[in-house]
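Have a look at the structure below before the remarks.
Chain letters run A, B, ... following the sequence lines, proteins first, then strands; residues in each count from 1.
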There are 2 protein chains.
Amino acid sequence: MAPNNHQSLIGRGPSLADVLTQKLSDEIASGQFKPGEKLPTEQQIAETYGVSRPIVREAIGRLKHDGVVVSRQGAGAFVAESGSPAVFRLQVSDFTDRDEIRGIVELLMAVESSATELAALRRTDEDLASLQGQLDAMQAAIDRGEPGVDEDVSFHRAIVEATKNPFFRDLSDFLDRRVRTFIRTARSNTARGQAGLTALVQNEHQAIFEAIRAGDAGRARSAAEEHLRNAADRLALYLRP
Amino acid sequence: MAPNNHQSLIGRGPSLADVLTQKLSDEIASGQFKPGEKLPTEQQIAETYGVSRPIVREAIGRLKHDGVVVSRQGAGAFVAESGSPAVFRLQVSDFTDRDEIRGIVELLMAVESSATELAALRRTDEDLASLQGQLDAMQAAIDRGEPGVDEDVSFHRAIVEATKNPFFRDLSDFLDRRVRTFIRTARSNTARGQAGLTALVQNEHQAIFEAIRAGDAGRARSAAEEHLRNAADRLALYLRP
DNA sequence: GACAAGCAACTTGTCAGGCAACTAGGTCAT
DNA sequence: ATGACCTAGTTGCCTGACAAGTTGCTTGTC
């Protein structure tokens, strides 16, 4: 039997599919089922864990979604050849966890610094035009007295796009989004950001752009690092208890 | 039909749940359903897309797994407040795709270089002992004439562990695993790696270890970059058409 | 006896219907 | 008006069933 005991605290507890997914995932990760090996049938798994077949199907469906197993109709479900998942799970337990956001920011700094360096080496004329366009848009936002958050995002996107590496683009995009949503939720509880701050950001962006245009990888990395360090300092205001 | 642009990378044909998951995911991403908003009931979704409720359940289950949707029994399913997923999907379409593995290696170099830098700043005595232990194990493997792949992996793991940042550890681990599985599958088709190569790797590891022990962040990064650049060059042998 | 065609058992994919647990909003008695 | 109660609606989970596809064994043929 598998009584779900740890549920009465709050409304939502882990569903049976959640639990089963975790168990199967662990068993695969621990090498209990080896890559290429056939999993038990859904019926057997259902009996083993005392759940119904739809639950098993859902759990296996998630594992397929993660690239850990592949299944062939009529044949069975098999552990993926690589054995390791195709997705990187960023476990965000809580939006207000300070250590967590610190860790993400640190990783973001690493990724975006390298991305900026690569951008300086590979940017095309189109990339430069795109970057220039975002700078102009940001300046226009400043002139209108707006914070220009969207323009800021677009500028960073244009940089990672110039790396010509979709993994850099996607990961940077992903991390950036998480940090910004944290800021957004955190800011709603505190005072608004200063108005003149955007101009500082614009200056840092300008420096990054110049380095990228010059094709100076080292300077591009330095400029990006400084920008990100400043951004992290500004963020630190929201991380104070 | 069946756009199948992204996932369901390996299965023979995309299942209905795969397709529906993609559709719902797109609709959420495109802002058709806004964060915090309630999704249609499972019954309605089933009718809308012409599938049964279990299929809808499986699709929504995957979205919950990805952190895009949260559901409360009796109330309904809602788009997560953040709106953006909690997982980063690394879309690996093919193990033998050279551009893809090149991109991953590039990202791995960025992450691991920064990780090594951080490790130099934060390593504890336990970390140093762990690193030293892995170096010794690698040396023992060399003396036995073995390639020492496991020891190599453990050394890198010990480094990212020393960053004290679980995101660095998990991501680096993840990327490293993908690259190594590629090498493993690629190597089975070609000649074996040279025997004396492990000694070279060991020298580079030694340099990294010294920098970390000295707490010299800049030198640690340089050593890591050189090691990774060499590793990438060695890998390039398998990337030749 | 070797071999190929075909068949039967098994497995996954999908559907239908139903009951239990839970939520939310309206109703009714006080 | 206000609080308890009740009912409709929703998700969580189950049983049962059929379709589609694969695998291995049987059987018939040479």
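- Contacts of B:Lys64 with the nucleic acid, taken as non-hydrogen atoms under 4.0 Å apart, involve only primed sugar atoms and P, OP1 or OP2.
- Rounded to whole angstrom, the span from the CD atom of A:Gln43 across to the P atom of D:dG16 amounts to 10 Å.
- Atom CD of A:Glu42 and atom P of D:dT22 are 16 Å apart (whole Å).
- Rounding to whole angstrom units, NZ of residue B:Lys38 and P of C:dG25 are separated by 11 Å.
- For A:Arg72 against C:dG13, a side-chain-to-base donor-acceptor contact under 3.5 Å is absent.
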_Using the rule given for salt bridge (Lys or Arg N to Asp or Glu O under 4.0 Å), can you reason through B:Arg180 versus B:Asp152, listing the C-alpha separation, both sets of side-chain angles and the distance that settles it, and then say yes or no?_
CA-CA 11 Å; B:Arg180 288 181 194 276; B:Asp152 188 6; 3.7 Å; yes
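- Relative to the side chain of B:Ser52, the nucleotides D:dG12, D:dG21, C:dA16 differ in distance, and C:dA16 lies closest.
- A:Arg62 is not listed as a side-chain neighbour of A:Val68, based on a closest heavy-atom distance of 4.5 Å or more.
- Using modelled atom types, no side-chain atom of B:Asp66 and backbone atom of B:Val87 make a donor-acceptor pair closer than 3.5 Å.
- Listed nucleotides C:dT12, C:dT23, D:dT23 differ in distance to B:Ala75; the shortest reach to its side chain belongs to C:dT23.
- When rounded to the nearest whole Å, the span between CD of B:Glu47 and P of C:dC15 equals 13 Å.
- Of the possible polar contacts, one joining the A:Glu37 side chain to the A:Lys34 backbone as a donor-acceptor pair under 3.5 Å is found.
- Counting atom types as modelled, A:Arg53 pairs a side-chain N or O with a base atom of C:dG13 as donor and acceptor under 3.5 Å.
- When the nucleotides D:dT10, D:dG12, C:dT12 are ranked by their closest atom to the side chain of A:Thr41, C:dT12 comes out on top.
- No engagement by A:Ile60 is indicated, since no non-hydrogen atom pair under 4.0 Å with the nucleic acid exists.
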